[in-house]
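Here's the structure, in structure tokens; my notes come after.
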Amino acid sequence: MGSGGHTDSPDENVPRADGSDHRVPGGQAPEEYGDHRGRGDHDDHEHDHRSRWPLIAAAGAAGLYGGAAVSILGRETGLLPPLLGVGLAVVGTVVLLAGVAGWLEQAFVAPARETLGAPKSRESYVSTTLLFLATDVSTFGALFIYYAFVRIGSWPPDELPPLLGSLVLVNTAILVASSVTFHYAHEALEGGDRRRFLGLLVTTLGLGLIFLVGQVYEYYEFVTAEGFTLASGVFGTAFFGLTGLHGFHVALGVAGIAVLTWRALRGQYGPDRDTSVATVSLYWHFVDAVWLVLVLVLYVGASV
């Protein structure tokens, strides 16, 4: 009890995760604090936290894609047993999902359960996210190279359906709009406008879900109306491989935004508590950029 009859709130006794003397409000996630250089008020690097989960997820993705390649190569040439590739792909999928789950748990879910945790640097989370995205550039690049080899052969292939239509244009507009709403949601958070931040974040989540529904509907139309499937020659493999891989990334991004929304509803973000928002935002903008390249190269490029 103070001299003025004021009782100190327990929330004021929780130290900030950056090691400073500032206090974390009750229910907030300590790792979210710190300036945009990845540190708190003190320029202290000894508390940097490096997450291993993005690297594990990248290794699993490499196993999945490598296994798929081995399976296709074995089936087409007989140089390798196709089942070897299937086994490698299964193991890679398990490792990939474990890596993604661990990453979400460590970076986004666990802090929501903690009132005090180990100091974690914003800079380190952003850097590991960028490293994960660099591996994704290689993955998409490999599939685009495969598509380039497809184009070197006889063109157009017999199985080529009408790709460029209103559906892909609407889906593209939806995904671009989601990137814009996410950007301004983050800006609203940094400006302290939590209501606008939450509204734009929920809008981003809805747009991401609509995009996934649109892609599923596009697949349905191709399979049922056009008879165009993954088994429809080398172009079918390239098309469904690229769009399916991108759809998988969008689904992961939607899951991440859903976690952000859940935490935002609990009031766990603020102008200086945006580590999770910054990392998911990087990922989402990357996914959107890949889609634009994919539309130009695959949809428009295949139609000319």
Say whether Phe222 and Tyr217 are linked into one hydrophobic cluster, either directly or through other cluster members, by side-chain heavy-atom distances under 4.5 angstrom.
-> no

Could you go through the side-chain contact (heavy atoms from CB on, under 4.5 Å) check for Glu218 and Asn171 one step at a time?
-> CA-CA 10 Å; Glu218 180 185 56; Asn171 254 9; 5.6 Å; no

Give me the ring orientation class for Phe240 and Phe228: parallel if the planes are under 30° apart, tilted from 30 to 60°, perpendicular past 60°.
-> tilted

Indicate yes or no: at least one non-hydrogen side-chain atom of Val300 is less than 4.5 angstrom from one of Leu164.
-> yes

Any side-chain heavy atom of Leu201 sitting closer than 4.5 Å to one from Ile257?
-> yes

Checking Arg194 side chain against Gly267 main chain: does a donor-acceptor pair fall under 3.5 Å?
-> yes

Check whether Val180 and Leu189 end up in the same hydrophobic cluster, where Ile, Leu, Val, Met, Phe, Trp and Tyr are linked by side-chain heavy atoms less than 4.5 Å apart.
-> no

Do Glu190 and Val277 touch side chain to side chain, with heavy atoms closer than 4.5 Å?
-> no

Ser179 side chain to Val176 backbone, donor-acceptor under 3.5 Å = no

Checking side-chain contact (heavy atoms from CB on, under 4.5 Å) for the pair Phe182/Asp288: CA distance, chi angles, key distance, verdict?
-> CA-CA 11 Å; Phe182 206 160; Asp288 284 9; over 6 Å; no

Is Phe248 linked to Val290 within one hydrophobic cluster, defined over Ile, Leu, Val, Met, Phe, Trp and Tyr using a side-chain heavy-atom separation of less than 4.5 Å?
-> yes

Are Trp291 and Val295 side-chain neighbours, meaning at least one heavy-atom pair lies under 4.5 Å?
-> yes

For the rings on His249 and Phe140, is their centre-to-centre separation under 6.0 Å?
-> yes

From Ile174 atom CD1 to Ile210 atom CD1, the distance as rounded to the nearest 0.5 Å = 5.5 Å

What's the shortest heavy-atom distance between Leu175 and Ser178, and which atoms?
-> O-OG, 2.6 Å

Ignoring hydrogens and angles, state whether a donor on the side chain of Ser281 or His285 is under 3.5 Å from an acceptor on the partner side chain.
-> yes

For a side-chain contact (heavy atoms from CB on, under 4.5 Å) with Tyr269, tell me which candidate from Asp274, Thr275, Leu260 qualifies.
-> Leu260

OG1 of Thr203 to CG of Leu207: how many Å apart, nearest 0.5 Å?
-> 6.5 Å

May I ask you to test the Leu64-Val95 pair for a side-chain heavy-atom distance under 4.5 Å?
-> no

Would you say the side chains of Thr181 and Thr204 form a donor-acceptor pair under 3.5 Å?
-> yes

Non-hydrogen side-chain atoms of Phe235 and Leu298 separated by less than 4.5 Å | yes

Yes or no on side-chain contact (heavy atoms from CB on, under 4.5 Å) for Trp284 and Val254, after CA distance, side-chain angles and deciding distance?
-> CA-CA 9 Å; Trp284 193 252; Val254 166; 4.0 Å; yes

Kindly work out whether a path of hydrophobic side-chain contacts (I/L/V/M/F/W/Y, heavy atoms less than 4.5 Å apart) joins Val216 to Leu167.
-> no

Give a yes or no on whether Leu212 and Leu242 share a hydrophobic cluster (residues Ile, Leu, Val, Met, Phe, Trp, Tyr; joining criterion: side-chain heavy atoms under 4.5 Å apart).
-> yes

State, yes or no, whether a side-chain contact exists between Val202 and Phe197 at a heavy-atom distance under 4.5 Å.
-> no

Below 6.0 angstrom between ring centroids: does that apply to Tyr299 and Phe239?
-> yes

Can you list the steps and then say if Leu198 with Leu265 is a side-chain contact (heavy atoms from CB on, under 4.5 Å)?
-> CA-CA 7 Å; Leu198 183 57; Leu265 289 170; 3.5 Å; yes

Say you draw a straight line from CG of Leu245 to CG of Leu294; how long is it, rounded to the nearest 0.5 Å?
-> 9.0 Å

Check whether any side-chain heavy atom of Glu226 lies under 4.5 Å from a side-chain heavy atom of Ser232, and answer yes or no.
-> no

